[in-house]
Structure formats: C-alpha cells, structure tokens
Amino acid sequence: ALAPLADPAMLGVENLGHASAATVLFQRATVAASELALAAAVAACVRRHRLRGDRATFAVAASLLSPGVLLVDHVHFQYNGVFLGVLACCAGFLVKGQHVRAAVAFTLLMCMKHLFLTLAPFFGVYLLFAHVLAEKTTLGEKVLRLVDLGAAVTATAAASLAPLVVPAFHDRGGLAGVGAALGELKGRLFPFGDRGLVHSYWAPNAWALYAFLDRVAMKASGREGGGATRGVVETQIEYLPAPGPLHCALLTLLAAAPALLAAARTASTQSGARGIALPALAHACLAAFAFGWHVHEKFLLVALMPLALLALEGRPRDVVVFRQAAGLATFAVLPLIPGGADGVTKLLVVGAEELVLRAAFGGSAFPGESVHCAIMAALVALKEVWPLALGGRLEFLPLMLTSVYGAVAVVALTAYSSRRLLQAAMRRDAGDWEASVAAPSPRRPRAKQPRSLLKTICSLLGSRDED
C-alpha cells in the first residue's frame, strides 16, 4: 500500500534491476521501522526480567544490534527483525502462561513467514500439554480449553487468508476458485520442484556435510558432474542418494523429538511449562535449521531469540550455548556480504559483537573457544584473500570450508541441546531448568598470581588497587 507512493516502478514483477534512490530509501526506512516490533519485544523482556544496568544493555545489544540481523536486514534489505519480534512475543506468552495469546501470535507468525511452520510440532505439543491437558483440570475444562485454543487459531488463520480467499470466491467461481487460489499459494510457498536440498551457498547444517560427502565421493569415484551447487537456487546431490522434502521433514521431526518429549513430560504443571518453554523452543529452532529442506543460513538467527532470553537468566550452560549460537549465526551470514568496503564493515560488526559478548560474560566460555574463534576468523579472512591469491581457481573452496566447519559446530550444538532436554525429560522436572541436568565441568581457573611489587607498595600506601 505504501510502496506505490514512494516509487510505483519497484512493484513491477519483471523490473528486477530497478534501484532508484526512492526505492532504496523506502527499503531502508521500512526495514528500520519494522524492527520496532523487535524493539518492543526486547523492552517487554527487559521489564519481565526486571533487568537493570549491564544486563539490560546486553539484552538490547544482543537482539537489536545482533550482527546477523544488522547485516542481513540492512544490507540485503530483508525484514527479519519483525519476525524475530513476533517470535519473542510468542516466547514471552509461553513463559507467562498466556497460551491462547501464544497460539494466536504463532499462527500470525506462520502466516507472515511460512518457514516457521517447522516450529508447529513444538507449539502443538507444548500447548496441548500446558493448556489443554494441564494438571488439576476437569474433563469439561479440558474440552473447553481445546475449543478455545482451536477457535483462536482458526480465526487468526482465516483473517490472514481472507484477502486471498474472499476475492477468489467472488471472482473465480466460488469454492472451486478458492481451491485454485490455495493451490497456487501452496505452489509458491513450497516450490520443491525448483529448489534443491541445499542453496548455492550451503547453509552450515547437516545437509552441508552431506553435500560435502557427495562431492568427495564423486571425486573419489572419478565421476564427473555439475556438483551440488549449480545455479542460484537449484541444487542437486549427484552421487549419494538424494534426500527429498519428506525425508527432511521426518529428520527435522526426529531431531526436534527431545523438545517434544520434554514438553510432553513436563509442561502439564505450571512450573514445568514455564521452565521448559524456552529451552524446548530453542532446540526446535536448532533442529529446523539443522535438517530443514533448502534452509538458508539466516534461519539460524531464529534460534538466537529464545537462546538470548535463556542467557539473560544467567545459567552458565545457557550462556555458553547462546555465545556459540551467536557466533555461528554471524559466521554463517558473513559470506553473503561482498568484500571491499562492505568487508571492512562486517569485520567491524563482528569485532563489536565479540566485545559485547566478552563484556557481558567475561572471557572464554569453554575450553578451546579461542581456537574455535581463531578458525572461524581464519576462514572469514580466507574468503577475502583467496581471489587475490589464486584468481579464479577453486573459487568456491573457501565457501565450502566455511559451510562444513560451521555445519560441524551447528550439529554438535544441536546434539548437546538434545542431551540436556532428554535428561530433563527423563527426570520430569523442568521447573528449574538448570537443576534438571548435571553441571558441566567448568574451566579450571588459573591459580592466583602473587602480587607484583608495585601492587604491594600501592596497598601499603593505602591504595584500593585489587587483584
């Protein structure tokens, strides 16, 4: 509705190269305005957690100033901020026990971005046990809650689809026209025939590892082929068995099973529902990214929202998981940004993120983190210098290495989250999320160093200098 007022030419379907000053200004302004939804959600989280000082600053910096959101939205002109804001509202409603509101918000989110359909199993299981089958409710109350929840979801979906369904009913012959319109919508939302398993730039998930193995197996066999990254979006697995959309859906559901099991076993009590909501939601997001069909690297940003909310509660392992996911999300989207001046910008943004995380959580979060960060930095630098060093030879090798290394880290993070949730589910106690699993082995603190001569003299003179 607003776009024609800025520049009608930007709405031309075939006008792909259009980039007038008015169009660019409109895109920048609307991206910034849409992130008000994320800002409102963050403000609500700050109030709910009663955050003050440094923790409130971290909440804002970790969400509004997330390098992934900044680079993807403000360089690629995308609108992920508003989706993350609605997802944060969903998470907040779950924690507060406002289940009908959470269902409405999630239904609206799916209608805004169909990729969130991958989180529907979690929301369905969680709301079933936390709202419909909650403890200390009679059979009649359970039925009423089911009807209430179903009516809210149906009404929201109907209102969202009305602009498509109503004109189709009037202009295309009633119910037959509606069916045709919905069929066209399905074809546009799920173009499985035109999209392959992985994007031309492999998102760092399990399928990047599979595509890498396919390339290795093909080379080892001496077979020639186009490879798994032909074209912009059309991809192909050429040597190994090629998974289809159904395989991806089943594996995504299997990977999300720990979250579903934990929700089913703990969410029927009020304390359990509130304790397991964020960990299970975060794991469902990780599972969807790890095994989704043709998933994009930016989808890892979705998992950051519940992980950031968990990190704000201060439990050490949740902080570790968030730090790793935040670094991986930024690492995954960096290849989308070209070099040159934009390359300098992305390095500055990554440096600022590391400073914020270290200021909020201290030094290394786990043994070996410094090596892990050094490898990611080396891969980022390799992508920038590779064309200068070798010209056009093996031009996709740095991207392949980036995807494969990130994929190993993402799969490991998902497996770690699975183990924690399964342990919590077996104990059926998620009211205190951290108490439901064994504490990890903390990094051994370095032995306290003796005071230097200068500090000793200062202390004797009455200085307040401390070790």
Side-chain angles (χ1 to χ4, degrees), residues 1-4 11 13 27 30-31 33-41 44 73 77-94 96 98-128 130-132 145-192 195 245 249 252 281 284-285 288 292-296 298-299 301-302 305-306:
L2 298 178
L11 299 180
V13 177
Q27 289 177 327
T30 50
V31 165
S34 68
E35 290 183 353
L36 292 175
L38 180 57
D73 281 11
F77 298 129
Q78 297 183 9
Y79 298 85
N80 296 288
V82 65
F83 304 136
L84 295 178
V86 177
L87 180 64
C89 290
C90 293
F93 289 145
L94 292 181
K96 290 180 181 179
Q98 299 173 345
H99 300 136
V100 176
R101 291 185 180 183
V104 170
F106 179 67
T107 304
L108 179 63
L109 183 61
M110 284 194 297
C111 293
M112 295 170 64
K113 188 78 169 178
H114 67 289
L115 294 179
F116 288 97
L117 182 64
T118 54
L119 305 182
F122 160 73
F123 275 91
V125 171
Y126 180 90
L127 293 174
L128 175 64
H131 185 70
V132 178
R145 289 186 175 205
L146 179 61
V147 172
D148 187 28
L149 196 65
V153 171
T154 303
T156 304
S160 300
L161 293 174
L164 172 69
V165 171
V166 173
F169 183 83
H170 287 289
D171 301 336
R172 300 175 65 175
L175 294 178
V178 171
L182 293 178
E184 293 175 3
L185 177 64
K186 178 184 175 182
R188 290 180 177 272
L189 293 180
F190 306 102
F192 294 132
R195 302 291 177 94
T252 299
L281 174 59
C285 296
W293 170 270
H294 198 83
V295 69
H296 286 213
K298 64 188 178 184
F299 193 74
L301 296 172
V302 174
M305 184 54 62

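Predicted model only: the values in this text are computed from it and were never measured.
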| task | Considering non-hydrogen atoms only, spot the tightest contact between P167 and L164 and give its length. | result | CD-O, 3.6 Å

| request: Not counting sequence neighbours, which residues clear side-chain hydrogen bond (donor to acceptor under 3.5 Å, both in side chains) with T30? List them please. | output: Y79

| message | Within the structure provided, determine whether F123 and L94 are in side-chain contact (heavy-atom separation under 4.5 Å). | response | yes

| Run the side chain to side chain contact (heavy atoms under 4.5 Å, CB included) check on L161 and L185 step by step: do they pass? | CA-CA 10 Å; L161 293 174; L185 177 64; 4.1 Å; yes

| field | Closest approach of V302 to L84 (non-hydrogen atoms, all atoms of both residues) | value | CA-CD2, 3.8 Å

| said: To the nearest 0.5 Å, what is the distance between SG on C90 and CE on M305? | reply: 11.0 Å

| request: With rounding to the nearest 0.5 Å, note down the distance linking CZ in F83 to CZ in F116. | output: 7.0 Å

| field | For A168 against G177, the heavy-atom pair lying closest together | value | CB-O, 3.7 Å

| message | Rounded at 0.5 Å granularity, tell me how far OG1 in T156 sits from CG in L109. | response | 12.0 Å

| task | Return the minimal non-hydrogen interatomic distance between F122 and A284, and the atom names on each side. | result | CB-CB, 3.9 Å

| task | Just do the side chain to side chain contact (heavy atoms under 4.5 Å, CB included) check on M112 and V82 with the steps written out, would you? | result | CA-CA 10 Å; M112 295 170 64; V82 65; 4.1 Å; yes

| message | Quick check against the 3.5 Å criterion: does R101 have a side-chain atom that pairs as donor or acceptor with the backbone of F93? | response | no

| field | Side-chain heavy atoms of F299 within contact of T118, under 4.5 Å | value | yes

| request: Taking all non-hydrogen atoms of both residues into account, name the closest pair between A103 and L149 and its distance. | output: CB-CD1, 3.6 Å

| field | Verdict with supporting geometry, V295 and L115, side chain to side chain contact (heavy atoms under 4.5 Å, CB included) | value | CA-CA 9 Å; V295 69; L115 294 179; over 6 Å; no

| request: Starting at CG of L128, measure out to OH of Y126 and round the result to the nearest 0.5 Å. | output: 12.5 Å

| note | Shortest non-hydrogen pair, C285 vs P306, comes out as SG-CG, 4.4 Å

| field | Any donor-acceptor N/O pair, H114 side chain to L189 backbone, under 3.5 Å | value | yes

| said: Test side chain to side chain contact (heavy atoms under 4.5 Å, CB included) on V100 and L127; report intermediate values, then the result. | reply: CA-CA 9 Å; V100 176; L127 293 174; over 6 Å; no

| request: Using the test ring-ring contact (aromatic ring centres under 6.0 Å, His included), find all partners of H170 that sit at least two apart in sequence or belong to another chain. | output: none

| query | Under the side chain to side chain donor-acceptor pair (under 3.5 Å) rule, what pairs show up with a residue in residues 175-187, not counting sequence neighbours? | reply | R172-E184

